[in-house]
2 protein chains.
Amino acid sequence: MRPTIREVARRAGVSLITVSRVVNNSGYVSSETRARVEEAIQKLGYIPNNISRSLRLKKTNVIALIVSDITNPFWTTITRGIEDACHEQGLNVILCNTDESPEKLDEYVNVLLQKRVDGFLIAPTTDDTDTLISLVEQEVPLVFIDRHPQTIRASIVRGDSEVGAYKLTEYLISLGHSRIAILSGPEKASTSQQRTAGYKRACQMHQIAVDPSLIFCGEYNQEHGYHTTLNIFEQIHPKPTAIFAGNSLIAAGVFKAIYDLGLKIPADVSVAAFDDLTFRFTPEPFLTVVDQFPYQMGYTAAQLLLKQIGDQTKTTYEEIVLPVELIVRHSCRQV
Amino acid sequence: MRPTIREVARRAGVSLITVSRVVNNSGYVSSETRARVEEAIQKLGYIPNNISRSLRLKKTNVIALIVSDITNPFWTTITRGIEDACHEQGLNVILCNTDESPEKLDEYVNVLLQKRVDGFLIAPTTDDTDTLISLVEQEVPLVFIDRHPQTIRASIVRGDSEVGAYKLTEYLISLGHSRIAILSGPEKASTSQQRTAGYKRACQMHQIAVDPSLIFCGEYNQEHGYHTTLNIFEQIHPKPTAIFAGNSLIAAGVFKAIYDLGLKIPADVSVAAFDDLTFRFTPEPFLTVVDQFPYQMGYTAAQLLLKQIGDQTKTTYEEIVLPVELIVRHSCRQV
DNA sequence: CTGAAAGCGCTTACAG
DNA sequence: CTGAAAGCGCTTACAG
């Protein structure tokens with residue numbers, strides 16, 4: 001059984017209040033009293049109970065992070081940024097993986113609402129809206145990361161998908177490509193809408209006709225990249241000379257399909273993608289990408305959430321769009 | 001302000017106890033009463049406060065996970081296994097990154113002790129012993145993952161490093177290699193001791209002299225892999241024909257060094273490593289590895305911790321050694 | 001500079 | 001099947 005503040009008080013011959021003051025460094029305590037209390041704490045191995053503190057203060061210093069899968073390096077890196085920002089401010093983060101299941105999201109949100117976390121950082125997937133709406137209605141501090149569910153007005157930190165896609169497409173056009181397939185994400189996801197929009201804008205700006213049969217929406221996963229690429233090479237004529245993968249999972253699928261088709265990148269087809277994630281174990285990274293700086297994204301999102309937790313008074317809605325960067329490497333060639 | 005159990009009770013015309021019973025599904029409640037209470041809960045949007053519940057019950061249903069860096073795919077995958085196991089049992093996990101800093105470890109442990117987490121899952125680094133000893137003395141539920149700090153008796157779940165290293169070395173020997181450099185981890189880390197031991201045992205079993213100048217301890221990071229490999233190719237004669245990297249970070253450094261030296265794998269030198277982590281974005285994985293199944297490792301560790309949290313009575317010490325597997329690919333050649 | 005008392009929102013052993 | 005009362009371990013506004 002751990003000693004409580006009461007035992008410390010008894011041992012130091014003071015009241016509970018005084019002990020509370022020295023523990024929290026608040027209010028006046030004479031230095032002799034402080035010393036006595038500190039000695040008692042020491043001797044008893046007293047560890048303040050923050051459960052009761054939280055109950056009184058209605059503040060847990062814990063936030064919830066909900067992503068689809070921490071194992072996806074994009075989310076891993078975001079998570080690290082979040083944890084660092086929270087650690088600096090003395091908060092802890094509870095990690096949740098939903099695997100894109102609305103039921104798991106529900107479950108997590110319910111449990112964490114019961115645990116009275118101070119706020120939520122959520123990377124929403126397409127079909128989660130109901131639970132999220134209810135969070136917003138309850139005015140729980142909440143910031144979205146990366147994606148913005150349709151119709152929900154809440155704070156968000158995201159990369160500039162439109163501009164990123166524009167730059168990437170423009171780069172491909174500058175290499176002489178005019179038939180560029182884009183393997184985007186789900187039609188309803190704000191990120192894939194923005195990426196497709198950037199792609200279209202670049203085409204239009206450079207007098208290249210947008211061919212709707214080169215725009216493929218699908219999940220942000222390898223299967224989409226793989227099967228769509230196989231499809232493209234079987235059925236589309238004239239074949240595209242470049243493929244723009246909407247994220248790195250899709251890119252991995254594209255790579256595999258091209259490998260299985262016995263083709264070479266960039267000799268037979270140029271490939272570029274969103275998100276720069278394979279660098280860690282590659283001596284010489286190869287893929288041309290748009291980097292969204294996920295660490296910064298997580299860090300910024302956490303800071304925004306902490307700010308909102310700080311001033312609960314005004315329920316302000318804030319959208320932070322982070323700049324992205326085109327990193328040219330060796331997966332695209334001049335045609 | 002959220003409604004409390006008191007308001008629900010008033011609205012339903014029952015006592016607090018009764019509300020508590022229906023919320024927790026414990027004890028007898030007539031179905032009419034239950035219905036009335038449930039309606040009140042519904043109408044008020046009552047969300048039980050688990051802070052106060054935790055205070056009473058002395059149980060938070062939260063555990064702490066402390067790793068050096070979630071961004072390292074080995075830990076990412078372990079983390080996912082842990083989170084899944086905890087989620088199944090209704091616990092949440094707080095994620096902490098120490099960056100191998102003993103001070104950060106201290107800080108996290110103190111804060112989380114104050115938050116009264118139900119237990120700790122820790123991947124210790126070499127110099128953390130003091131804080132960890134104190135945790136063990138306090139009989140806080142604790143299980144180590146992957147590594148075992150010297151001198152501390154506590155539960156641990158780890159891969160079979162010795163056998164893994166033995167198999168990997170034996171495989172290299174079977175290809176005709178007799179000068180095999182091993183780039184192991186820190187001298188004091190149990191994992192690197194075991195890997196070095198497995199390496200030596202394999203050499204001895206196959207009548208190959210163990211050359212101490214081919215055994216390189218260092219950090220589990222890219223720098224060690226990089227600089228040691230450069231060193232090897234400048235200074236060691238006769239040169240080793242194979243390099244055994246102690247983990248995947250070291251392997252990445254080895255790869256980069258070999259690339260920078262203008263050499264090819266496996267034509268000029270064979271390379272094999274611990275941990276299979278690059279598969280995700282690679283259509284055709286190349287590196288021959290020992291897979292430690294980090295997902296399983298995390299899952300198992302969490303289960304062990306949850307078991308220990310369950311029966312607090314006996315402070316049993318348990319060591320679970322998980323089997324590992326040699327996965328032969330294309331980074332080693334016959335000599 | 002120090003303290004008495006109420007209260008944060010639950011649960012539980014006991015009585016009826 | 002239902003409830004009164006004590007208590008989990010803190011903090012705070014107020015008084016002295």
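Order of the sequence lines sets the chain letters (A, B, ...), proteins ahead of strands, with each chain counted from 1. Worth saying up front: this structure is predicted, and the values here are computed from it rather than measured.
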Problem set entry | Shortest non-hydrogen contact between B/Ala12 and B/Arg36, atoms and distance |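 What the structure gives for the nearest pair is O-NE, 2.9 Å.
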
Exercise. Can you pull the salt bridge (charged side-chain N to carboxylate O under 4.0 Å, His left out) pairs that have at least one residue in residues 15-29 of chain A, sequence neighbours excluded?
Worked result: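 Output for this query is empty, none listed.
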
Seminar exercise, completed: So salt bridge (charged side-chain N to carboxylate O under 4.0 Å, His left out) across residues 3-16 of chain A, not counting sequence neighbours, yields none

Problem set entry | Phosphate contact (D/dT2 OP1 or OP2) by B/Ser15 side-chain N/O below 4.0 Å | no

Exercise. Quick one: salt bridge (Lys or Arg N to Asp or Glu O under 4.0 Å) partners of B/Arg147, sequence neighbours excluded?
Worked result: none

Exercise. Can you list the residues that meet the salt bridge (Lys or Arg N to Asp or Glu O under 4.0 Å) rule with B/Lys59, with sequence neighbours excluded?
Worked result: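 Salt bridge (Lys or Arg N to Asp or Glu O under 4.0 Å) list for B/Lys59, sorted by chain: B/Asp118.
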
Exercise. According to a 3.5 Å limit on both distances, what stems of 3 or more consecutive Watson-Crick or G-U pairs are formed with DNA chain D?
Worked result: C:1-3 with D:14-16, C:5-12 with D:5-12, C:14-16 with D:1-3

Problem set entry | Set of residues satisfying side chain to side chain contact (heavy atoms under 4.5 Å, CB included) with respect to A/Thr79, sequence neighbours excluded |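 A/Thr79 satisfies side chain to side chain contact (heavy atoms under 4.5 Å, CB included) with A/Leu65, A/Ile70, B/Leu95 once adjacent residues are dropped.
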
For this session: Return the set of residues passing side chain to side chain contact (heavy atoms under 4.5 Å, CB included) with A/Asn221 (not counting sequence neighbours), or none when no residue passes.
Result: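 If we apply the side chain to side chain contact (heavy atoms under 4.5 Å, CB included) test to A/Asn221, skipping adjacent residues, the hits are A/Glu219, A/Glu223, A/His224.
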
Problem set entry | Any pair counted as ring-ring contact (aromatic ring centres under 6.0 Å, His included), so long as it reaches residues 80-108 of chain A, sequence neighbours left out | A/His87-B/Tyr108, A/Tyr108-B/His87

Exercise. Which pairs, with at least one residue in residues 29-64 of chain A and sequence neighbours excluded, count as a ring-ring contact (aromatic ring centres under 6.0 Å, His included)?
Worked result: none

Less than 3.5 Å apart, which donor and acceptor atoms pair up between the side chains of residues 297-305 of chain A and the rest of the protein, not counting sequence neighbours?
| from | atom 1 | to | atom 2 | distance (Å) |
| --- | --- | --- | --- | --- |
| A/Tyr299 | OH | A/Glu88 | OE1 | 2.5 |
| A/Tyr299 | OH | A/Glu88 | OE2 | 3.0 |
| A/Thr300 | OG1 | A/Gln296 | O | 2.6 |

Exercise. Can you list, by residue number, the residues of residues 31-43 of chain B that have a non-hydrogen atom closer than 4.0 angstrom to DNA chain D?
Worked result: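 B/Thr33, in order of number.
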
Problem set entry | Contact state string [nucleotides 7-16 of chain D, B base, S sugar-phosphate only, - no protein heavy atom under 4.0 Å] | BBBBBB----

